[in-house]
Every structure is written in structure tokens, then in C-alpha cells.
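Please read the structure below before turning to the comments.
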2 protein chains.
Amino acid sequence: MKQEKKERLKKAGWKVGTTKEFLQLTAEEAALIEIKLALARSLKKRRMAQKMTQNELAKELGSSQSRVAKMESADATVSLEALVRSLLALGASRQEIGRIIGKKPVEPVS
Amino acid sequence: MKQEKKERLKKAGWKVGTTKEFLQLTAEEAALIEIKLALARSLKKRRMAQKMTQNELAKELGSSQSRVAKMESADATVSLEALVRSLLALGASRQEIGRIIGKKPVEPVS
DNA sequence: TGACGCTATGTCAGATATGACATACACTGG
DNA sequence: CCAGTGTATGTCATATCTGACATAGCGTCA
């Protein structure tokens, strides 16, 4: 069920339309992806606000630059856990993380 | 970085001290665990509110009763992602999940 | 008592995520 | 133009997580 989708992804590449429709995501999966996107955006914003490079953050996390890049782009290979860990490492509180997750995304212009 | 800790654990054997000190949890790790605990509690609460058994929920999730039990007990082998997915499956919204994560836990009696 | 329904715990093969590395790209200052 | 700095993307071996299964505990009902 997860595997199927990845296959489709690899073959299809990136086209337009909502992410949800194109990937045939269920509502739950769409919500999970939105959560990850919100966290990823926050992560990048926070890192930049602290004037850190991806490499510096990676070292703090005991990870590598490439993985930080993937986190910030909400790459499919990064887990929710990785995103939350990183935000915590950048000083975000539980409450802030809760807010990031709960905040409604900006509506795209129709 | 996770492996290191386990190594240390195995070598050190069993000494006393608070869990936190003994396991040498950083503040970030402690926060992550608190988040997982909050989600786990909510999961159980929600499942019960819907009068579902662990088995029923497991089937909805494409999983097994044992894993649901582990989720509800915030077992170390369950990921943040699994907890969030399960809550979404039980109908929780992004906003609700944000609130669960952000909410301060009840202080233990001193 | 025993049978039944629900939950808890341990284990393990297979699936998924990770850090590390290589490499490419984009931008800037010289 | 080149060199340097920061970011993006692909791959791979290994670490971690997952579903499934077995089995045990624990109420409850007859």
C-alpha cells in the first residue's frame, strides 16, 4: 500500500494538480504530508533565523548536510520524528511544535 | 547517536538515579518522549470513545492488535509517525493533533 | 470452574529511514 | 573566468520500525 504509491511516483514524475489528487492520497495521508510540509518550512525558517548553515545544523543533530536538505524539502525519506527532533534541537518548545502542526496552511490562489 | 547510548547502557549495567539521568536524556529527547506519551494517551482515549477494540483499530490501520497496544503504551518501538497516523485514522484533525502535542502535561504530585 | 473477549509483551523477518558520501547546482566575490 | 560557500539530489550499507505471530494476563459471565 505504501509501496504501490512510490512506484507510481517514480514512474510519473512531477506534474501539476493538487498533490492529493495526483497521488491519490487518502485524507489521512494528505494531512500527514501537510503536517510534514509545515514542519519542514518551520525548520528552514528557524535555521535561517539563527543564521546557521545546513551543515552546522547537521552536526548538532549528529547527521549530515544532505539529510538536513531533505528534511527542509519534506523529502519522502524523512520521518515526522526527524523533523520534530530537529525543531527541538533548534530550540522549539512542545507548544510551538503543536502550533506549527495545527496551523492551517495558506490557501493557494485559485 | 542512538546507538552510542545503547552501548553505554549495556556496558554500564544497572545503576540508580533518575531515568533521565541514567539514560542521559537530553531535554530534546525528554520532550520527544513527552510528546509521544501525550499522543499515546489521546489515542487510547479516542479509540475507547469510539468503542473500538485494539483489534478493530488495527484492521483499520492495516496493522495488528499488538502494535496498537504498543502504540497506546508509547512503547519505544513505535514512531511518532505511527502515533500521528493512528490518530488521523481515528478522525483527529491537524488542529487537534497540534493541540495534543502542545498541551502541557499534568504535573505529578511532588 | 472454564470459556471467552480484550489487552499486554516478546520475538523476528522483512520494510523503511538513516548517515555518509559523491556530485551537481546556484550564487557571490575576486 | 575561477574558487568558495551553501544547498540539492542520488545511492548505499546499516540501523530502526513494522506487521505478524505466539502467548500470557485479566475480567466477566455462565
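Residue numbering restarts at 1 for every chain, and letters A, B, ... go by the order of the sequence lines. The figures here come from the full heavy-atom set of this structure, side chains too, leaving out hydrogens, waters and symmetry mates.
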Task: Interatomic distance, A:S86 atom OG to A:R47 atom CZ [nearest 0.5 angstrom] - done: 11.0 Å

Check the interface with nucleotides 19-23 of chain C: list each N/O to N/O pair with the protein under 3.5 Å, or write none.
from	atom 1	to	atom 2	distance (Å)
C:dG19	OP2	A:S63	OG	2.9
C:dG19	N7	A:R67	NE	2.8
C:dA20	OP2	A:S63	O	3.3
C:dA20	N7	A:S64	OG	3.2
C:dC21	N4	A:S66	OG	2.5

Open item on the list: Let me test you: for the helix from C:dT1-D:dA30 to C:dG30-D:dC1, what is the angle between the axes at its two ends (five pairs each), rounded to 10 degrees?
Closed with: 30°

Task: Interatomic distance, B:Q54 atom CD to B:L43 atom CG [nearest 0.5 angstrom] - done: 9.0 Å

Task: Distance, nearest 0.5 Å, that separates CG of B:L88 from CZ of B:R94 - done: 10.0 Å

Open item on the list: Can you measure B:E81 atom CD to C:dA15 atom C1' for me and round it to whole angstrom units?
Closed with: 13 Å

TODO: Could you pull out the closest heavy-atom pair between B:R46 and B:L90, with the gap in Å?
DONE: NH1-O, 3.3 Å

- [ ] Pick base, sugar-phosphate or nothing for B:A58, based on heavy-atom distances below 4.0 Å to the nucleic acid.
- [x] nothing

Task: Heavy-atom closest pair, residues A:V78 and A:M71 - done: CG1-N, 3.8 Å

Open item on the list: Less than 4.0 angstrom between a side-chain N/O of B:S79 and OP1 or OP2 of D:dT18, yes or no?
Closed with: yes

- [ ] Drop me the distance from B:L61's CG to B:E56's CD, to the nearest 0.5 angstrom.
- [x] 12.0 Å

- [ ] Give me the residues of residues 43-56 of chain B where at least one heavy atom lies under 4.0 Å from an atom of DNA chain C, by number, or none.
- [x] B:K44, B:R47, B:T53, B:Q54

- [ ] For B:V68, answer base if it contacts any base atom (sugar-phosphate contacts may also be present), sugar-phosphate if it contacts only those atoms, and nothing otherwise; contact means non-hydrogen atoms under 4.0 Å.
- [x] nothing

- [ ] Could you grab the distance from atom CD1 of B:I35 to atom CD1 of B:I100, nearest 0.5 Å is fine?
- [x] 11.5 Å

- [ ] Hey, could you give me the NZ/OG distance between B:K44 and B:S73, rounded to the nearest 0.5 Å?
- [x] 8.0 Å

Task: Separation of atom CZ in A:R85 from atom C1' in C:dA17, rounded to whole Å - done: 12 Å

Open item on the list: Checking the side chain of B:E72 only, and the main-chain atoms of B:A69 only, is there a donor and an acceptor separated by less than 3.5 Å?
Closed with: no

TODO: Round to a whole Å and report the spacing from CG of B:D75 to P of C:dG10.
DONE: 9 Å

Open item on the list: Rounding to an integer number of Å, can you tell me how far B:E72 CD sits from C:dT9 C1'?
Closed with: 14 Å

Open item on the list: Under a 4.0 Å threshold between the charged nitrogen and the carboxylate oxygen, would B:K36 count as salt-bridged to A:E81?
Closed with: yes

Task: Pair B:T77, B:D75: side-chain N/O donor-acceptor within cut-off below 3.5 Å - done: yes

